[in-house]
Asker: 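Before anything else, here's the structure in question.
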Amino acid sequence: MAHEAVLAVIAAMYEAYLRGDRPGIDRLLHPEATIWDSAEQVLITSREQLEKVRDARPQDGPAETGIGVHDEVVDVWGDTALARYLLRVDFARGAPEVVRTTAVLRRRGGEWRIVHLHENAL
């Protein structure tokens with residue numbers, strides 16, 4: 001059951017991303033989450049830094065038309081979870097991108113939140 005809850009958080013994050021729903025994503029992130037974004041060279045360590053990265057993304061680039069999580073492997077140890085998966089990103093123009101991703105989640109108050117996300121474009 002915990003595995004499904006972890007995957008539901010991950011799916012909800014990408015659904016919010018496709019909607020352009022930053023608050024929806026942020027609700028799934030721990031306040032002190034760190035992120036290795038596939039398009040950034042530095043570790044994102046604060047919400048302020050995350051907002052700067054988000055604001056710097058091209059607004060007229062190829063829009064993502066779909067994001068699919070597959071080949072998931074999830075381990076849960078008490079209130080800590082480790083999810084590994086491939087992410088396929090489809091664009092309006094151009095070839096899809098595959099991103100190897102690892103997410104670490106913690107459960108607090110019965111809710112899973114992402115504490116670290118590591119993306120690596122293949």
Side-chain angles (χ1 to χ4, degrees):
M1 183 141 159
H3 292 79
E4 291 83 10
V6 166
L7 290 173
V9 168
I10 291 167
M13 177 181 61
Y14 293 117
E15 290 166 5
Y17 177 81
L18 284 173
R19 291 192 310 271
D21 180 5
R22 287 184 186 183
I25 296 168
D26 293 346
R27 280 190 293 278
L28 303 170
L29 298 175
H30 184 278
E32 297 174 10
T34 57
I35 302 170
W36 284 112
D37 186 280
S38 62
E40 291 296 315
Q41 291 187 7
V42 297
L43 179 65
I44 298 168
T45 59
S46 69
R47 289 292 168 97
E48 180 180 68
Q49 190 179 6
L50 177 58
E51 287 303 319
K52 288 180 183 177
V53 167
R54 288 169 166 169
D55 291 342
R57 290 182 178 140
Q59 300 301 313
D60 60 348
E64 294 92 345
T65 58
I67 297 178
V69 174
H70 57 94
D71 295 340
E72 307 94 324
V73 176
V74 177
D75 291 300
V76 177
W77 305 278
D79 291 330
T80 302
L82 178 63
R84 289 85 74 196
Y85 52 93
L86 292 177
L87 187 67
R88 178 187 162 121
V89 183
D90 295 313
F91 298 97
R93 296 181 315 271
E97 180 177 77
V98 176
V99 180
R100 182 174 35 214
T101 308
T102 302
V104 180
L105 296 87
R106 296 280 300 171
R107 184 172 41 202
R108 300 281 170 142
E111 296 185 357
W112 289 100
R113 294 291 173 256
I114 298 167
V115 296
H116 180 70
L117 189 66
H118 187 135
E119 300 174 335
N120 181 38
L122 299 177

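Only this structure's heavy atoms are used, side chains among them; waters, hydrogens and symmetry mates stay out.
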Asker: Give the minimum heavy-atom separation between Gly24 and Ala16, together with the two atoms involved.
Answerer: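 Shortest heavy-atom separation between Gly24 and Ala16 comes out as C-CB, 4.0 Å.
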Asker: Side chains of Arg106 and Arg108, heavy atoms from C-beta outward: is any pair under 4.5 Å?
Answerer: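 Yes, close enough: below the 4.5 Å cut-off.
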Asker: Taking atom CZ of Arg19 and atom CD1 of Ile25, what is their separation to the nearest 0.5 Å?
Answerer: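 CD1 of Ile25 is found 8.5 Å from CZ of Arg19.
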Asker: Are Asp37 and Arg54 close enough for a salt bridge, meaning some N to O gap below 4.0 Å?
Answerer: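 Salt bridge between Asp37 and Arg54, a charged N being under 4.0 Å from a carboxylate O: no.
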Asker: Evaluate the ring planes of Trp36 and His118, with Trp represented by its six-membered ring, and classify them as parallel (under 30°), tilted (30 to 60°) or perpendicular (over 60°).
Answerer: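 Tilted: the ring planes of Trp36 and His118 meet at 30° to 60°.
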Asker: Working to the nearest 0.5 Å, report the span between NE2 of His3 and CG of Asp75.
Answerer: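 His3 NE2 to Asp75 CG: 6.0 Å, rounded to 0.5 Å.
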Asker: Where the side chain of Arg27 meets the backbone of Met13, is there a donor-acceptor pair that is under 3.5 Å apart?
Answerer: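 No.
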Asker: Does any N or O in the side chain of Glu97 come within less than 3.5 Å of the main-chain N or O of Phe91, such that one atom is a donor and the other an acceptor?
Answerer: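 A pair under 3.5 Å: no.
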Asker: Grouping I, L, V, M, F, W and Y whenever their side-chain heavy atoms are under 4.5 Å apart, do Val69 and Val89 come out in a common cluster?
Answerer: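 Same cluster: Val69 reaches Val89 through Ile, Leu, Val, Met, Phe, Trp or Tyr contacts under 4.5 Å.
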Asker: Mind listing the closest non-hydrogen atom pair of Arg107 and Gly78 along with its distance?
Answerer: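 Between these two residues, the closest heavy atoms are NH2-O, 2.7 Å.
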Asker: Salt bridge between Arg88 and Asp90, side-chain N to carboxylate O under 4.0 Å?
Answerer: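 Here Arg88 pairs with Asp90 in a salt bridge, since their nearest N and O are under 4.0 Å apart.
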Asker: With side-chain contact (heavy atoms from CB on, under 4.5 Å) as the test, pick out the partner of His116 among Thr102, Ile35, Leu43.
Answerer: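 Exactly one candidate clears the test, Leu43.
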Asker: Looking at OG1 of Thr65 and CZ of Arg93, how far apart are the two atoms once the value is rounded to the nearest 0.5 Å?
Answerer: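 Those atoms lie 11.0 Å apart.
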Asker: Is there a path of hydrophobic side-chain contacts, each under 4.5 Å between heavy atoms, that joins Val53 and Val115?
Answerer: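 Val53 and Val115: separate clusters.
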Asker: Could you state the interatomic distance from CD (Gln49) to CD (Glu40), rounded to the nearest 0.5 Å?
Answerer: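 Here the rounded value is 8.5 Å.
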Asker: Does some side-chain heavy atom of Val73 sit less than 4.5 Å from a side-chain heavy atom of Tyr85?
Answerer: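 Contact flag for Tyr85/Val73 side chains = no.
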Asker: Say you draw a straight line from OH of Tyr14 to OG1 of Thr101; how long is it, rounded to the nearest 0.5 Å?
Answerer: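 Separation between the atoms: 4.5 Å.
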Asker: Roughly how far, to the nearest 0.5 Å, is the CG atom of Asp71 from the CG atom of Leu86?
Answerer: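 If we round to the nearest 0.5 Å, Leu86:CG and Asp71:CG are 5.0 Å apart.
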Asker: Between Ile67 and Leu18, is the side chain to side chain contact (heavy atoms under 4.5 Å, CB included) condition met? List the steps.
Answerer: CA-CA 8 Å; Ile67 297 178; Leu18 284 173; 3.9 Å; yes
Asker: Say whether, by atom type as modelled, one donor and one acceptor occur between the side chain of His30 and the main chain of Ile114 under 3.5 angstrom.
Answerer: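 Answer holds: no.
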Asker: Surrounding CD of Glu4 (heavy atoms of other residues, nucleotides or ligands, distance under 6.0 Å), is the total greater than 12?
Answerer: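 Yes, enclosed.
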Asker: How about Ile44 and Thr34: do any of their side-chain heavy atoms sit closer than 4.5 Å?
Answerer: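 The answer is no, as the side chains (C-beta and beyond) never meet within the 4.5 Å cut-off.
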Asker: Check the surroundings of atom CD in Glu32: do more than 12 heavy atoms from other residues, nucleotides or ligands lie under 6.0 Å from it?
Answerer: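 Counting neighbours around CD of Glu32, 12 or fewer heavy atoms of other residues, nucleotides or ligands fall under 6.0 Å, so no.
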Asker: Taking C-beta and beyond as the side chain, do Val99 and Leu122 meet within less than 4.5 Å on heavy atoms?
Answerer: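 No, too far: nothing below the 4.5 Å cut-off.
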Asker: Between Arg113 and Asp79, does any NZ, NE, NH1 or NH2 come within less than 4.0 Å of an OD or OE carboxylate oxygen?
Answerer: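 Judged by the 4.0 Å cut-off on N to carboxylate O distance, Asp79 and Arg113 do not form a salt bridge.
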Asker: Identify which one of Ile10, Val76, Thr80, Leu7 satisfies the side-chain contact (heavy atoms from CB on, under 4.5 Å) criterion when paired with Trp112.
Answerer: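 That would be Val76; it is the only one of Ile10, Val76, Thr80, Leu7 passing the side-chain contact (heavy atoms from CB on, under 4.5 Å) with Trp112.
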Asker: Between Leu29 and Tyr17, is there a shared hydrophobic cluster once you connect ILVMFWY residues whose side-chain heavy atoms come closer than 4.5 Å?
Answerer: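 Cluster IDs for Leu29 and Tyr17 match.
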Asker: Measure from the side-chain N and O atoms of Glu51 to the backbone N and O of Arg47, and report whether any donor-acceptor pair falls under 3.5 Å.
Answerer: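 It does not hold such a pair.
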